[in-house]
J.: 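What follows is a single structure, and I will ask about it in a moment.
The structure displayed is predicted, hence computed values, not measured ones. Throughout, protein chains are lettered first and strands after them, A, B, ... in sequence-line order, and every chain is numbered starting at 1.
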Protein chains: 2
Amino acid sequence: MKPSLKHIAEHLGLSKTTVSWVLSGQAEQKNISQATTEKVLEYAASLHYQPNMIARSLNTGETKTIGLILPSISDTFYSEVAREIESRARNQGYSLMISSSESDIDREDEIIRLFKAKRVDGIILAPTKRSKVEVLRLIDEGYPLTTIDRYFPELNASYIIINNRDSCCMLTKHLINKGCKKIALLTTNSYLTTMSQRREGVEDALRESGLQLDPRLYGEVDFAGYEKNIHRVLNSIFTEVPDVDGFFFTTHILALEAFQYFYEKGIKPEFEMACIHEEPIFKVLAPQINVARMPVGEIGRTAVNSLIEQMENAKGKAKSRKKQQQEPKRITLSCSLEFRS
Amino acid sequence: MKPSLKHIAEHLGLSKTTVSWVLSGQAEQKNISQATTEKVLEYAASLHYQPNMIARSLNTGETKTIGLILPSISDTFYSEVAREIESRARNQGYSLMISSSESDIDREDEIIRLFKAKRVDGIILAPTKRSKVEVLRLIDEGYPLTTIDRYFPELNASYIIINNRDSCCMLTKHLINKGCKKIALLTTNSYLTTMSQRREGVEDALRESGLQLDPRLYGEVDFAGYEKNIHRVLNSIFTEVPDVDGFFFTTHILALEAFQYFYEKGIKPEFEMACIHEEPIFKVLAPQINVARMPVGEIGRTAVNSLIEQMENAKGKAKSRKKQQQEPKRITLSCSLEFRS
DNA sequence: ATTGTTTACTTAAACGGTTAAGTAAATCCA
DNA sequence: TGGATTTACTTAACCGTTTAAGTAAACAAT
C-alpha cells in the first residue's frame, strides 16, 4: 500500500499533525525540533512518500488543476495555445485537464459538468456557438472562467481575444495599396463574432477606399466539411470573376485549403493574399502572403493570468463571505502584421 | 456554498447514506422507496447538485483520470495522438491530464511525481531519452503505465509502437525499384530506438539490393535546433554527392524542413522521396513523396485500452491482495504505406 | 403467537490529509 | 520560587463521499 501520513506518524511515534507540518514545510514556523524534522523527512524520502493531493484537496477546497476546453486539441492553433497554457499553468503550480468539445454544444456542457464535478479551480474555454446553459451557469455562480479566441456578447465573462477588425482592416488596406481592385473574401461561420469582426475589418478598408465587397467575391464556408465547400466557393469565384486579383482568408485553415486548390488546379497564386494567423509552412507554399500573426504565447499566458486572478479572488471571497461579483476582465491583444508582398 | 450530500440529507430529513444511494443509482438495489427516490432526485436537480468527485476519489481510490505525458502537445503528430486518446478515454469514463515533458528528463520525472501525487489512475507516456528514476519506479510499483511511440528495451512496460524497421525497409525498396542508386538518409537522435530501427530498415533494403549506405549521404540532425542543422547537412550532401537521386526522411519534421530548404534554394524536388508519417500539406508540397502513415487513431485507442486493462487489473489486485505482476503487453502496429511516385 | 424475512431506512467508520485548540515540560524573568 | 512564556508536541474535528453493519417496523410463514 501507498504510505500515508498516518503510516509515517505511527512508525515514528509521532502524531499526524507533526508529520503533516514537517512535510508541508511548516516545521520552522510550528516549532518542530530539528531532530524530529530530520527523522520525518528522512523516513518519508526513504518511502518515496508522495502526499495524497486528493485528500489535501478535499480539505483545502483547491485542486490546483485548471480545465481547458477547446474545439479540438489537434488543431495547430489550439494546440499551440494549449501548450502555452500548460507551460504557464505549470510554473504557477497548476496542472491541466484538457478536453475537446468538437464544436458540439452538448459536449461542451457535458465537459463543464464533469470539470465542475472534478472540482477544477477554474476553466479556460474557447466557446462553441452561442454557448448553452452550463456556461451561463458558470458565470452566474462566479466560477473562475476565462474565455479565449471567441467572443460572445451575451457571455458576461472575462475574455482574451485579438483585434480582429483592425488587423483585417490593415491587411486589406495593404492589398488595396498594392493595387487590388477585386478582392475575394473567404470566411466561415458568420455567427462567430470573431468571423463577423474580421469581415467588418475587410469592409472598413474597402469602404475607406471607395470600394465595396462584391457578393460574387464573398464566400462563406461552413467549418463542418469545409474541404469540399471551399472548392465549390473558389470555383464559383474564378468563373464569375476571372480577373480576381486578391484573396483575403479569415483563417489559416481556409488559406491552406485554398493553396491546395490552387495547386490542384495548376493556378499560380500570383495575386495578392492576406490571412489571419500563419503556419510555418506558408513560407514555402505562398511566401508572399501577408499575415496577421496571432500572439499565441500571449493569449496563453494572459488567459492563465486572468484565471489565476479570479481564482485567488474566489478564495478570498470564500473567506470574507463577500459575495460581490468581480467585473470580468476584457482583454484584446494585437496581432503582429507581416507584410510580405 | 456548493450543495453536498449532507445538505440534501438534512433538508429532506434523510441520512447521507440514503441520499448517496439514490444519487449513485443504487436506489432499486438498496430498497429505497419510490417516494424517497423521487424526492431526492428532484431536490438534487433543483440545486444542480454535482457530486464532489474529490471526496468520492478519496474513498474509492480511483480518480477516473489518466495522465498523458508527451514531448510536446503542439507537435502535429502528438497532438493528433492526444486527441485520439482523449476521445477514447472520455467515452470510457476517464478524463485526461496532459503535460509536456519538452524532451527533458528531469521535467518528465517531475510530471510523473505530480501525476502520482494527484493520484491519476494510470499514465500514458512517450518517454524521453533513457528515462530516469521515476519511470523505473512506476514500473517497479506496478503503477498502470503504457508507453507509446518510443521504445526502450530497458523499460519493462507495456508499449505501443509501430513497425519502424519494416515500413522503412519497404519504402526504401520502393525507391530502389524506381531506380535510385544514391539515396540520402536523413535522421535524428540515434539514441532513440525508434530512430535506429528506422535506419536499420533502410539499411536492410539497401543491403538486399547489394547497395550500402554512403556515409556522405547520411545525416543525423539533432532535434534541438534542427532548423539550422538540417541546412548544414543538406548543403553537405548536395556538394559532396551532387547526383543524389533519392531522399529518405525518418520523420515528417525533417521532410518539412527539407522541403523548405529545397524551396529556398530553388531546387526542384525531382528525386524520389520517402518519409515516415505524413502531414496533409505534403500533398501540396511534394505530392510524389512516398509515405508510411502512422496509425494515429489506433495508437491512441490501443494505448487507452492497454492502460484500462492494467487499471482494472490493479483494482482487482488491491482487493485480492495478490501482488503478482502482470506481464506487460507489447504491441506493434503497422503503418499504411502509400506509394505515390 | 412466535419466529423469520423483507423493507426502508440509519449509524458510524473510513479514505488521507489540514488545522484550531489544547497541554505538558522546559526555560525565562523578576 | 512562582508565574509567564516558549518549545514541542498531541487531540480531535473536519472536508464530502462510500459502505459495512445495525435496526425498527411491517409482513409472512408455521
J.: Does this structure show an ion pair linking A:Glu42 with A:Lys39, if we count only N-O contacts that are shorter than 4.0 Å?
T.: no

J.: Whether the side chain of B:Lys6 and the base of D:dG16 hold a donor-acceptor pair under 3.5 Å is what I'd like checked.
T.: no

J.: Between A:Lys329 and A:Ile160 (side chain of the first, backbone of the second, donor and acceptor by atom type, cut-off under 3.5 Å), is there such a pair?
T.: no

J.: Grab the CD1-P distance between A:Ile32 and C:dT19 for me, whole Å please.
T.: 14 Å

J.: I need the CG-P distance between A:Leu12 and D:dT10, as an integer number of Å.
T.: 11 Å

J.: Which part of the nucleic acid does A:Ser4 contact within heavy-atom distance under 4.0 Å: base, sugar-phosphate only, or nothing?
T.: sugar-phosphate

J.: Ignoring hydrogens and geometry beyond distance, is the side chain of A:Thr17 in donor-acceptor contact with the base of C:dT19 at under 3.5 Å?
T.: yes

J.: With the side chain of B:Leu5 defined as its heavy atoms from C-beta on, choose the nearest nucleotide among D:dT18, D:dT10, C:dT10.
T.: D:dT18

J.: Toward the 5' end of DNA chain C, which comes first, B:Lys30 or B:Thr60, by nearest nucleotide?
T.: B:Lys30

J.: Expressed as a whole number of angstroms, how long is the span from B:Arg119:CZ to C:dC15:P?
T.: 14 Å

J.: What is the distance, to the nearest angstrom, from the CH2 atom on A:Trp21 to the P atom on D:dT11?
T.: 12 Å

J.: Ion pair present between B:Glu102 and A:Arg83, side-chain N to carboxylate O less than 4.0 angstrom?
T.: yes

J.: What is the separation between atom CD1 on A:Ile54 and atom C1' on C:dA14, rounded to the nearest whole Å?
T.: 16 Å

J.: Within the structure shown, what part of the strands sits under 4.0 Å from B:Leu14 by heavy-atom distance: base, sugar-phosphate, or nothing?
T.: sugar-phosphate

J.: Check B:Leu136 against B:Glu154 and note the closest heavy-atom contact, atom names and distance.
T.: CD2-O, 4.3 Å

J.: How many Å lie between CD on A:Gln26 and C1' on D:dT10, as a whole number?
T.: 16 Å

J.: Is any side-chain N or O of B:Asn59 under 3.5 Å from a base N or O of D:dT17, one able to act as donor and the other as acceptor?
T.: yes

J.: Do the rings of A:Tyr151 and A:Tyr159 sit parallel, tilted or perpendicular, given the 30° and 60° boundaries?
T.: tilted

J.: Which part of the nucleic acid does B:Ser15 contact within heavy-atom distance under 4.0 Å: base, sugar-phosphate only, or nothing?
T.: base

J.: Could you state the atom-to-atom distance from CD of B:Gln50 to C1' of D:dG16 in whole Å?
T.: 14 Å

J.: Using a cut-off of 4.0 Å on non-hydrogen atoms, how would the nucleic acid contact of B:Asn52 be classed: base, sugar-phosphate, or nothing?
T.: sugar-phosphate

J.: What is the distance, rounded to the nearest whole Å, between atom NZ of A:Lys16 and atom C1' of C:dT18?
T.: 9 Å

J.: Students often get this wrong, so: under 4.0 angstrom with heavy atoms, is B:Thr18 touching a base, only sugar-phosphate, or nothing?
T.: base

J.: Which part of the nucleic acid, if any, lies within contact of A:Ser33, taking any heavy atom under 4.0 Å across all strands shown: a base, the sugar-phosphate backbone alone, or nothing?
T.: sugar-phosphate

J.: So A:Thr36, base contact, sugar-phosphate only, or nothing? Heavy-atom distance under 4.0 Å.
T.: sugar-phosphate

J.: Would B:Thr60 and B:Glu62 count as a side-chain hydrogen bond (donor to acceptor under 3.5 Å, both in side chains) here? Give the steps.
T.: CA-CA 5 Å; B:Thr60 61; B:Glu62 297 185 278; 4.7 Å; no

J.: Is A:Tyr49 close enough to C:dG16 that one of its side-chain N or O atoms is under 4.0 Å from OP1 or OP2 there?
T.: no

